Structure formats: structure tokens, C-alpha cells
Amino acid sequence: MSENGASPDAGEAPASYNFLQEIVAADVAAGSHGGRVVTRFPPEPNGYLHIGHAKSIVLNFGLAAMSPHGHCNLRFDDTNPETEETEFVEAIEDDVRWLGYDWGDAEYYASDYFERLYAFAVALVEKGLAYVDSQSPEDIRENRGDFHRPGSDSPYRDRSVSENLDLLARMRAGDFDEGDCVLRARIDMAHPDVLMRDPLIYRIRKAPHHRTGTAWAIYPMYDFAHPLSDAIEGVTHSVCTLEFQNNRALYDWFVANCEPPAEPHQYEFARLDLSYTVLSKRKLQQLVAGGHVDGWDDPRMPTLAGLRRRGVPPAAIREFCETIGVAKRDNLVDVALLEHVVRDHLNADTPRMMAVLRPLRVVIENWDDGRVELLRCPLDPDDPDGAARDVPLSGVLYVERDDFAADPPKKWFRLAPGREVRFRYACLFTCTDVVTDPGTGEVVELRGTWDPESLGGAAPDGRRVRGTLHWVSAAHAVDAEVRLYDRLFTTADPGAADDFLAHLNPESLETIHAAKLEPALATTNAGERVQFERLGYFCADPDRDRLDRPVFNRTIGLRDTWAKIATKS
RNA sequence: UCGGGGGUGGUGUAAUCGGCAACACACGAGGUUCUGGCCCUCGCAUUGGGGGUUCGAGUCCUCCCCCCCGAGCCA
């Protein structure tokens with residue numbers, strides 16, 4: 001990590017700059033702001049961070065890293081005491097750190113600036129640029145006009161400076177009730193941009209604040225607090241999402257008229273939208289509150305906490321954010337891209353082991369009674385002489401039910417009556433008998449013979465065996481719970497639907513209670529990642545302590561070409 | 001309808017004085033293989049529409065169309 005705490009992946013030269021990198025590069029080259037770049041990531045502590053926030057984090061820390069002495073601040077935008085909680089600031093800190101970023105000492109809170117912000121407001125009043133409005137909320141709305149009609153001046157718009165000063169002081173002192181009055185900027189009630197029609201600066205809130213407690217009875221509005229907080233921190237490039245474009249004129253107005261110590265500028269980019277999920281804080285909140293998921297860190301959630309528990313490596317999220325780019329047009333990124341990047345990272349450095357999810361018993365009839373072979377199996381098949389673990393092989397195994405077909409389709413390479421397959425790293429086996437339950441007709445056991453010449457898995461005569469199956473020795477198997485996750489929604493853009501909850505995928509979670517693991521998997525710690533060969537990537541869940549048995553979450557399945565072939569025919 | 005901002009393949013980005021539309025994902029075809037994984041090869045868009053300038057336009061001009069954001073004492 002560099003001194004400015006930015007960009008853990010710095011090093012690779014980007015093929016091309018995005019439009020914000022262009023701007024920053026030009027500013028650095030021109031020596032603007034003394035060649036310094038200061039950005040900030042400004043979450044409101046009223047919910048958990050999701051992958052859309054990751055895009056912003058990667059962007060902001062990355063831009064700061066373009067200058068040798070650049071820095072990205074973490075600033076909590078906590079100006080609304082009614083929705084913000086300490087629990088969320090802690091979760092946000094954890095998530096940013098986990099993602100791989102270090103903001104150093106630069107952890108700030110808008111609430112730390114309340115006194116200075118108040119002073120800016122007083123100065124505005126003294127300049128005749130702000131006034132206390134005593135209209136009711138309804139009248140304020142009514143008199144704001146609309147897109148076609150200009151607003152009309154408040155009857156209180158021309159109060160004297162001294163009266164405004166007095167009223168503002170009394171607002172702060174708590175002399176008024178919520179809704180009695182507000183402080184407003186005196187701009188232009190006929191402005192074509194409705195946000196400029198005398199916007200609110202302060203409103204009265206009697207709710208306790210998570211940091212300032214009951215010290216304040218008034219709280220600054222975002223449009224006032226944000227640009228001035230940026231200025232106080234010396235932020236040079238204030239990067240936000242597109243919906244704030246409308247607010248930029250106001251941002252500039254406050255910077256120009258409050259004369260803060262620095263002159264930050266706001267730039268907007270398109271927020272991330274991801275297919276088959278929702279990324280709005282409100283909707284995520286609904287999923288949690290409605291019990292549709294198991295909490296903010298449910299592995300199906302697009303939250304950073306959820307992705308972490310799912311087993312997604314932070315480096316994969318960073319790479320995903322770099323890959324999707326930054327632009328100004330609305331977008332809906334295919335979740336398949338995220339899945340690809342995740343697989344790519346996992347494939348590179350995840351050990352391989354074997355587990356059987358839906359066990360089917362296999363008896364090797366010509367196996368010597370009681371014989372157990374300890375097979376040395378590599379953790380990385382591309383490095384057969386590298387790290388390995390011992391896997392016991394005996395005469396009774398479990399294989400995947402899906403790997404047997406009584407009546408195999410075309411191109412079937414797996415088990416079927418009379419077919420020979422390879423048990424990975426173990427031996428060649430031919431199925432000779434199928435035992436079925438006389439009552440249900442269900443296949444309960446396979447019987448057959450192995451080729452003793454093939455111990456280790458190689459064909460003694462070089463004969464071709466197309467199918468290689470994973471397996472677990474029945475006597476040595478460890479029982480485990482395995483959770484298979486799928487997309488949370490069945491439609492690509494659930495957020496656009498009238499009722500997004502109607503598109504929830506009823507099969508987004510399948511719990512397998514009695515999966516069979518090879519012994520080496522018994523002792524994995526929470527957070528450890530492993531590939532179950534031929535199945536996918538899994539991550540040990542902390543629930544193992546509570547359930548007193550291994551619990552694995554499927555991060556993502558392997559690409560399954562056979563499933564496609566099978567679907568087509 | 002007023003103000004602000006956008007339209008390049010199925011998806012997301014790129015094309016830095018106007019000079020062969022590039023990369024990744026997805027999809028399709030094939031190869032390789034002790035994971036039907038990984039890997040390799042090949043295929044897949046004339047840039048929202050019409051006019052104009054130019055030897056040459058995704059890039060410039062012009063008219064039109066479509067999409068997003070804005071009327072919280074939320075951020």
C-alpha cells in the first residue's frame with residue numbers, strides 16, 4: 001500500500017484514462033491546487049456499503065493516487081440525526097478496510113464541522129444572502145412553484161439582518177419547534193433550476209445525533225454542508241454520482257458566497273447498476289427488514305459484507321470496478337462479468353479438494369477388505385509436485401448422484417451401467433450393477449470393479465477414459481452443511497419493476513445438510529476458500545462454530561459446459 | 001412542457017489534431033485435458049435518425065427522436 005493509502009493494485013498502466021482520470025491528470029500536469037489531489041469517499045452512516053459504493057471507493061482512492069501526495073479522506077456525511085447510527089459507521093470502516101484501502105488519519109465527520117458550518121451560515125445572513133423563513137413546510141413547497149411556474153417570494157424574505165441573526169440564534173438554542181422555521185439562502189425564487197429557488201440551509205430537528213448528542217437543535221442540509229465540508233478538508237475533486245448534477249450549481253454558489261479556505265469542484269459519474277440484483281439502499285433495507293434475506297451480510301446480498309461472507313476476494317471486487325470503467329451514461333452491468341472476475345481470481349489461488357454434495361454410494365467389489373490407500377493429491381493440479389494433502393481411498397465411496405445416469409444421454413462421459421470412469425487421482429472403475437430401492441425405484445447404490453493397475457488414476461494401457469469424477473471415501477467422509485447460492489432475483493433489472501420483491505428468486509438459497517467432505521476439509525477456518533473439484537468455489541462460514549460442523553458457502557460454481565450441452569438436447 | 005445530463009455490438013468500456021471502430025464479458029463453433037474447470041483458435045457492431053462540411057466523420061455543423069435526473073425541512 002502506498003503512502004497515500006490508495007490503490008492496492010497500483011502498478012499496471014491503464015490502457016486509457018476514464019474521463020475523471022483525464023481531468024485529474026490534466027490538473028496535476030497544470031499544477032492546479034499545487035499539483036495536489038484530494039478526494040473523499042462520503043458515505044452517510046445509515047446503511048451498509050454495497051458494490052456500487054465499491055466503485056466509488058476504487059475511483060476516489062485511485063484518483064488520489066494519481067498525485068504523489070494525493071489523499072482520499074473517509075468522511076461520514078452525518079447531517080441527518082434521524083437515520084444515522086454508530087453501528088453503520090463501524091460497518092463502513094470495516095468494509096472499506098476489507099476492500100483494501102487505508103484512509104490513514106483522514107477520518108472525518110460532517111458533524112465535526114457543525115460549529116464552523118454555523119459560522120458560515122451567520123456570515124451568509126450578515127451578507128444578506130440568507131434569511132429565516134417562518135412559512136409552514138406546505139407553504140414553502142407551494143411557493144417554490146414547479147417546472148413551468150416560477151416560485152414566489154416568502155413574506156419573510158426581507159427580514160432585517162439583525163432580526164435574522166436573532167432568529168437563527170434562537171433556532172440554534174432550541175426556542176422553536178420542528179417545522180416552525182428554517183434558514184434559507186436568498187438566491188432567486190424564479191430560477192429555472194428549482195434547486196436554486198432559495199434552498200434550505202438549516203432545519204430544526206430535536207432528535208439526538210449519534211455523535212453530537214443533543215448539542216444541536218438545528219442540522220445543516222446536504223447542499224450546504226457538503227461543499228463546505230469539502231472545502232474545509234481541502235478536497236480538490238469532489239466526485240459524486242449523476243443525480244447530483246442538479247446540485248452542482250448550488251454547490252458552486254455556496255463555495256462562492258461562503259468564501260471557504262479552498263475551492264473544491266464537483267464532478268459526476270454514472271453509478272453502478274448490476275443485473276439480477278438491486279443496489280439502492282432503500283431496497284436493500286427492505287430485503288433485510290422484510291426477512292427476505294438473512295441480514296446485511298447474507299451471502300446473496302450485493303453488500304460488501306455479503307460478498308465477503310460469500311467468499312468473494314476483495315481483489316476481485318477491485319478488478320471488477322476497474323473493468324467496468326467510469327462514464328456518464330446510465331448502465332446495467334451484466335452480473336456475469338462480476339462472476340467471471342471472481343472465478344478468475346479464485347482459479348488463480350484457491351486450493352482444490354473434493355466434496356460430494358448429493359452422495360450416492362459406490363461399492364468396489366474387487367477391493368481388498370479393509371484396504372485403505374492414502375493418495376497424495378496436489379492442491380493445485382497445474383502444479384502436481386507442489387503442495388498436496390493425503391486423501392484416503394477405500395472400497396466404499398460416495399460420488400455425486402448427478403454423475404450417474406441409468407439411461408445416459410448422448411455425449412455422456414460419466415457413470416452408467418457398464419461404463420468405465422476415472423475416480424480423480426484414484427483409479428479406473430467400471431460400473432457393473434445398479435442397486436435400486438424396490439419400493440421407490442430410486443438408485444441407492446452402484447457396484448462395480450476397479451482396475452488394480454490404475455491406482456493413482458492413470459490408465460495402464462493408455463486407454464482413453466473421458467469421464468473423471470470426484471469422490472469421497474465413505475468411511476472417512478466428514479458431514480457438512482453446504483449452502484448453494486443463486487441470483488437473488490429472476491429478472492435482469494428488478495429495480496425497474498413496480499414491485500421488485502415480486503421478482504425474488506425462490507431458489508436463491510439451497511441448503512444441503514449432509515454433504516460429504518474429504519477429511520482434510522474438516523478443519524478449515526471461517527473465511528477459508530477452497531475449490532470443490534468439478535463443483536465450484538466455496539468459503540467456510542463462521543456458522544460452523546454455532547452448528548458444530550463444517551459449513552460452506554458456494555461463492556460461485558465452475559463454468560458448466562455440460563449443463564449447456566444437456567439443456568440443448 | 002422548464003432546467004440539467006446522456007445515446008458506440010446482447011452487456012460494459014475504448015478509439016487523446018477528423019484517418020482501417022479496439023478490449024473484456026456474454027453467446028456460437030472447434031482444439032486440448034486425470035476438473036465437461038483452466039488454457040488455445042475462430043466467429044459475432046459501420047457508432048439513435050435525417051441533412052450538411054470534408055479526399056475522409058463515432059469524432060465538426062444542423063434539424064429531429066429516445067432515455068435519465070430535478071418541484072424532501074433526505075443524501
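No experiment lies behind these values; they were computed from the predicted model shown.
- Base-pair partner of G28(B): C42(B) (Watson-Crick or G-U wobble, both distances under 3.5 Å).
- The side chain of Ser275(A) contributes no N or O atom lying less than 4.0 Å from OP1 or OP2 of U11(B).
- Within the 4.0 angstrom heavy-atom criterion, only backbone atoms of the sugar-phosphate kind lie near Arg144(A); the bases stay farther away.
- Not a single donor-acceptor pair, N or O on each side, falls under 3.5 Å between the base of U16(B) and the side chain of Glu22(A).
- Across C73(B), G36(B), U11(B), the shortest atom-to-atom separation from the side chain of Ile565(A) is found for G36(B).
- Taking atom CZ of residue Phe320(A) and atom P of nucleotide A26(B), one finds them 13 Å apart after rounding to whole Å.
- Nucleic acid contact for Ile140(A): base, since at least one base atom lies under 4.0 Å from a heavy atom of the residue.
- OP1 or OP2 of C2(B) has not a single side-chain nitrogen or oxygen of Arg149(A) nearer than 4.0 Å.
- Between the P atom of C34(B) and the CG atom of Asp403(A) lies a distance of 17 Å, rounded to the nearest Å.
- Between Phe19(A) and Phe269(A), the closest side-chain pair of non-hydrogen atoms falls below 4.5 Å.
- At U33(B), none of the side-chain N or O atoms of Arg422(A) fall inside 4.0 Å of OP1 or OP2 (strictly under the cut-off).
- The shortest heavy-atom contact between Val421(A) and Arg414(A) is CG1-C, 3.6 Å.
- Between G5(B) and Lys328(A), no contact under 4.0 Å exists linking OP1 or OP2 to a side-chain N or O.
- Out of G37(B), C74(B), A71(B), the shortest distance to the side chain of Asp382(A) is found at G37(B).
- Between His470(A) and U35(B) there is no side-chain polar atom (N or O) within less than 4.0 angstrom of OP1 or OP2.
- For the pair Tyr222(A) OH and C74(B) C1', the interatomic distance rounds to 11 Å; values are reported in whole Å.
- G72(B): glycosidic angle within 90° of 0, hence syn.
- Distance from the side chain of Arg559(A) is smallest for G37(B) among the nucleotides G36(B), G37(B), A24(B).
- Between Phe423(A) and Trp471(A), the ring planes lie tilted relative to each other; the angle falls in the 30° to 60° range.
- Using a 4.0 Å heavy-atom distance criterion, Met196(A) is classed as making no nucleic acid contact.
- Closest to the side chain of Lys411(A), out of G72(B), A26(B), G36(B), is G36(B).
- As a whole-Å value, the separation of Asp146(A) CG from G72(B) P is 11 Å.
- The side chain of Asn18(A) lies closest to A14(B), out of C74(B), U35(B), A14(B).
- Taking only side-chain atoms of Arg424(A), from C-beta outward, the nucleotide of A14(B), U35(B), C25(B) with the closest atom is U35(B).
- Not one side-chain nitrogen or oxygen of Asn247(A) sits closer than 4.0 Å to the OP1 or OP2 atom of A75(B).
- In this model, the phosphate group of C74(B) is approached by a side-chain N or O of Arg205(A) to a distance below 4.0 Å at OP1 or OP2.
- One interatomic measurement links the two molecules: CD of Glu533(A) to P of U33(B), which rounds to 18 Å at whole-angstrom precision.
- Lys281(A) comes within 4.0 angstrom of no nucleic acid atom, judged by non-hydrogen atoms across all strands.
- For the 3.5 Å distance criterion, the side chains of Ser229(A) and Arg40(A) fail to qualify, holding no donor opposite an acceptor.
- Base pairing of C2(B) is made with G70(B), judged by Watson-Crick or G-U wobble geometry with both donor-acceptor distances under 3.5 Å.
- Using a 4.0 Å heavy-atom cutoff across all strands shown, Leu337(A) reaches sugar-phosphate atoms only and no base atom.
- In this model, the phosphate group of C34(B) is not approached by any side-chain N or O of Arg466(A) to a distance below 4.0 Å at OP1 or OP2.
- Using a 4.0 Å heavy-atom criterion, one finds that Glu84(A) contacts no nucleic acid atom at all.
- Among all heavy-atom pairs drawn from Arg463(A) and Asp451(A), the shortest one is NH2-OD2, 2.6 Å.
- Applying ring-ring contact (aromatic ring centres under 6.0 Å, His included) to Phe224(A) and the options Tyr202(A), Tyr118(A), Tyr219(A), Phe120(A) leaves one that passes, Tyr202(A).
- Arg422(A) and Thr468(A) share a donor-acceptor pair across their side chains, judged by distance under 3.5 Å alone.
- Aromatic ring orientation, Phe244(A) versus Tyr222(A): tilted (interplanar angle from 30° to 60°).
- Base-pair partner of A22(B): U13(B) (Watson-Crick or G-U wobble, both distances under 3.5 Å).
- Between His226(A) and Tyr251(A), the ring-plane angle classifies as tilted under the 30° and 60° cut-offs.
- Looking at heavy atoms from C-beta onward, Asp133(A) lies out of side-chain contact with Leu200(A) at the 4.5 angstrom threshold.
- Between Arg414(A) and the phosphate of U35(B), there is no side-chain N or O to OP1/OP2 separation shorter than 4.0 Å.
- Across residues 344-354 of chain A, Asn347(A), Arg352(A) each have a non-hydrogen atom less than 4.0 Å from an atom of RNA chain B (numbered order).
- The CG-P distance, from Asp380(A) to U35(B), rounds to 13 Å in whole Å.
- We find that CG of Asp273(A) is positioned 19 Å from P of G6(B), with the value rounded to whole Å.
- Sequence order on RNA chain B of the closest nucleotides to Asp180(A) and Phe423(A) puts Phe423(A) first from the 5' end.
- Taking the six-membered ring where tryptophan is involved, the planes of His210(A) and Tyr109(A) are tilted, since the angle between them lies from 30° to 60°.
- Taking the six-membered ring where the residue is Trp, Trp296(A) and Tyr48(A) present parallel rings, their angle staying beneath 30° rather than reaching 60°.
- Contact annotation: Thr79(A) side-chain N/O to A75(B) OP1/OP2 distance is under 4.0 Å.
- Taking 4.5 Å as the limit, some side-chain heavy atom of Tyr113(A) sits within range of a side-chain heavy atom of Glu233(A).
- Across all strands shown, Ala459(A) has no heavy atoms under 4.0 Å from either base or sugar-phosphate atoms.
- Counting any heavy atom pair closer than 4.0 Å across all strands shown, Val341(A) reaches no nucleic acid atom.
- Going from the P atom of A21(B) to that of C63(B) covers 29 Å, rounded to whole Å.
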Check the interface with nucleotides 67-70 of chain B: list each N/O to N/O pair with the protein under 3.5 Å, or write none.
from	atom 1	to	atom 2	distance (Å)
C68(B)	O4'	Asp330(A)	OD2	3.2
C68(B)	O2'	Asp330(A)	OD2	3.4
C69(B)	O2'	Asn246(A)	ND2	3.0
C69(B)	O2	Asn246(A)	ND2	3.2
G70(B)	O4'	Asn246(A)	ND2	3.1

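- Take the nearest nucleotide of RNA chain B for Gln135(A) and for Val333(A): the residue whose nucleotide is more 5' is Val333(A).
- Of the options Arg352(A), Arg534(A), Glu533(A), a side chain to side chain donor-acceptor pair (under 3.5 Å) to His470(A) is made by Arg534(A) and by none of the others.
- For the pair Arg329(A) and G7(B), the criterion of a side-chain N or O lying under 4.0 Å from OP1 or OP2 is met.
- Base engagement by Gln531(A) is indicated by at least one non-hydrogen atom pair under 4.0 Å involving a base atom.
- Atom-to-atom, CG of Leu250(A) to P of A71(B) comes out at 13 Å; the value is rounded to the nearest Å.
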